[in-house]
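This report concerns only the one structure given below.
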Amino acid sequence: MTVVRLTPSEARRVALAAQGFHAARPAAAGHRHLAATIDRLGLHQIDSVNVLVRAHYLPAFSRLGAYDKTLLDRRAWGPKRDRRLFEYWAHECSLLPLALHPLLRWRMARADRGQAGYTGMRVFAGERRAEAMALLARLRDEGPLSASDIQTGRAGWWEWSEPKRMLEWLFYAGHVTTATRRRSFERVYDLAERVIPPDVFSLPDVPEAEAHRELVDLSARALGIATAAELRDYFRLDASDAALAITRLVEEGSLLPAEVPGWPAAYLHRDAQCPRRVQARALLAPFDPLVWERARTERLFGFRYRIEIYTPAAKRQYGYYVLPFLFGEALVGRVDLKADRAGSRLVVHAVHWEKGVAEGAREALGMELGALAGWLELERDSTDRDLSQ
């Protein structure tokens, strides 16, 4: 079997191109550009932290520049005629193209049988199923509800109430999905068949093995080049399921075995591109698929990245909400950012540069911070001194 041999720099350019960083940003990003970005990535991970902007908005900004966030809102939570996305567990909870709904029903079925999902939810697949089904009947009769609409007590920040746990099991098992999000970003649940457009909901279920094959193929397209562990991590597949899918894709010629010095065994997608150079400029969310797998980030860029949100302040090395800065083909720095909405300022707490930062990187970061501030309708609160640390 032919093995493709790539240098580390070629592998890096393949990965950047697969993620859309090889292309120039459009002069004015619209529906078409956003749709292409979502299809390329396969998902936008959701996270509750809102110190800068909610994480699912950032990947499109990193690739397209300023775009209208309401375009994404309408695709995710707008009227049914505008819906192009749905929420489900993929790489953590994510916004996904509707076309992936049939490809993830096997996971919903496993959750319905108590074979997937958090341990604390699985009880509702068995001995407490009647309670969950009663709540589902209430949703059917009363319409969309949130956990706060039905819970009787007040749960702590890290603790789910009983209604919340039931709703999350119903969500994982595919009985309900997100109808909308409130201003607080609280999820409002409704029956899946009332939210997912009929032409998608009525599609037949995809058998597990075929769904795994298609999901791994999507992962490989989005990553360009990846190890088996990275291919399965994209949609959080079991190792055995992913291994069978990879074998099939290699036999079909969709995946090509690849060797890169310093890498474990890897696979190159047959449609992957390797541009001669990449001239990117982007701040990356901690949950951006280019950097969310930290070992891969270190292997691709020689850049050790950890998010320190849950690290005590005194022990943080770089800051609370730190975004890597991509310049050209390298991750050259880290920026600790906060949106001071009351003061209408984009606060730059700190900038940390890697050794030997490339010429022009500081100016490029200044431009990117200006673009970010403008997109968020904030004033940039930083000076040239802030960028020279």
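Residue indices begin at 1 and follow the sequence shown.
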What distance do [X] atom [atom1] and [Y] atom [atom2] have between them, rounded to the nearest 0.5 Å?
| X | Y | atom1 | atom2 | answer |
| --- | --- | --- | --- | --- |
| L170 | D112 | CG | CG | 9.0 Å |
| Q45 | E92 | CD | CD | 5.5 Å |
| T7 | E10 | OG1 | CD | 3.5 Å |
| L237 | L215 | CG | CG | 6.0 Å |
| L249 | S254 | CG | OG | 5.5 Å |

Should [X] and [Y] count as side-chain neighbours, where that means a heavy-atom distance under 4.5 Å?
| X | Y | value |
| --- | --- | --- |
| I196 | R83 | no |
| I309 | Y320 | yes |
| F235 | L100 | yes |

Would you say that more than 12 heavy atoms from the other residues, nucleotides or ligands in this model lie under 6.0 Å from the [atom1] of [X], or not?
| X | atom1 | value |
| --- | --- | --- |
| M367 | CE | no |
| E210 | CD | yes |
| E142 | CD | yes |
| K80 | NZ | yes |
| K338 | NZ | no |

* Asked: Between Y88 and F171, how do the two ring planes meet: parallel, tilted or perpendicular, split at 30° and 60°?
  ->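 Tilted, since the angle between the ring planes falls between 30° and 60°.
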
* Parallel, tilted or perpendicular: rings of H91 and W292 (30°, 60°) ->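 Judged by the thresholds at 30° and 60°, the geometry between W292 and H91 is parallel.
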
* Any chance you could lay out the side chain to side chain contact (heavy atoms under 4.5 Å, CB included) test for L326 and F21, step after step, and finish with the verdict? => CA-CA 9 Å; L326 174 66; F21 287 109; 3.8 Å; yes

* **CA sep, side-chain torsions, deciding dist, call: R194, T177, side chain to side chain contact (heavy atoms under 4.5 Å, CB included)** => CA-CA 9 Å; R194 293 203 295 231; T177 190; over 6 Å; no

Do we see a donor-acceptor contact under 3.5 Å between the side chains of [X] and [Y]?
| X | Y | answer |
| --- | --- | --- |
| R182 | S146 | yes |
| W77 | E87 | yes |
| H269 | D217 | yes |
| Y189 | D149 | no |
| R63 | T37 | no |
| D336 | H352 | no |

Kindly indicate whether a cation-pi arrangement holds for [X] with [Y], taking the cut-offs as under 6.0 Å to the six-membered ring centre and within 45° of the axis.
| X | Y | result |
| --- | --- | --- |
| R129 | F124 | no |
| R54 | F185 | yes |
| K164 | W169 | no |

In plain terms, say whether [X] and [Y] are close enough for a salt bridge, that is, a side-chain N and a carboxylate O under 4.0 Å apart.
| X | Y | value |
| --- | --- | --- |
| R165 | E162 | yes |
| D238 | R232 | no |
| E368 | R25 | yes |
| R248 | E251 | no |
| R84 | D73 | no |
| R187 | E168 | yes |

For [X] and [Y], which heavy atoms make the closest approach, and how far apart are they?
| X | Y | value |
| --- | --- | --- |
| R75 | I38 | NE-CD1, 4.1 Å |
| A222 | A18 | O-CB, 3.4 Å |
| L346 | L52 | CD1-CD1, 3.5 Å |
| A330 | F301 | CA-CD2, 4.3 Å |
| A371 | R281 | CB-NH2, 4.5 Å |
| L104 | W89 | CD2-O, 4.5 Å |

Assert yes or no for the condition that the ring centre distance of [X] to [Y] is strictly below 6.0 Å.
| X | Y | answer |
| --- | --- | --- |
| H101 | F86 | yes |
| W353 | F327 | no |
| Y57 | W375 | no |

* **L337 and L283: CA distance, side-chain angles, deciding distance, side chain to side chain contact (heavy atoms under 4.5 Å, CB included) verdict** => CA-CA 10 Å; L337 293 172; L283 287 160; 4.3 Å; yes

Membership question, hydrophobic clusters at under 4.5 Å side-chain separation (ILVMFWY): are [Y] and [X] in the same one?
| X | Y | result |
| --- | --- | --- |
| V4 | Y267 | no |
| V322 | L372 | no |
| Y234 | V206 | yes |
| L136 | V188 | no |
| V176 | M108 | yes |

* Asked: Step by step, would you call L284 with L323 a side chain to side chain contact (heavy atoms under 4.5 Å, CB included)?
  -> CA-CA 5 Å; L284 303 169; L323 278 67; 5.7 Å; no

* Asked: Do any pairs count as a salt bridge (Lys or Arg N to Asp or Glu O under 4.0 Å) and have a residue in residues 290-308, sequence neighbours left out, and if so which ones?
  ->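 For residues 290-308, and leaving out neighbouring residues, the salt bridge (Lys or Arg N to Asp or Glu O under 4.0 Å) pairs sorted by first residue read E230-R296, E230-R299.
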
* To do: Could you give me the CA-CA distance, side-chain angles and deciding distance for S9 and E329, then say whether side chain to side chain donor-acceptor pair (under 3.5 Å) is met?
  => CA-CA 9 Å; S9 60; E329 300 172 12; over 6 Å; no

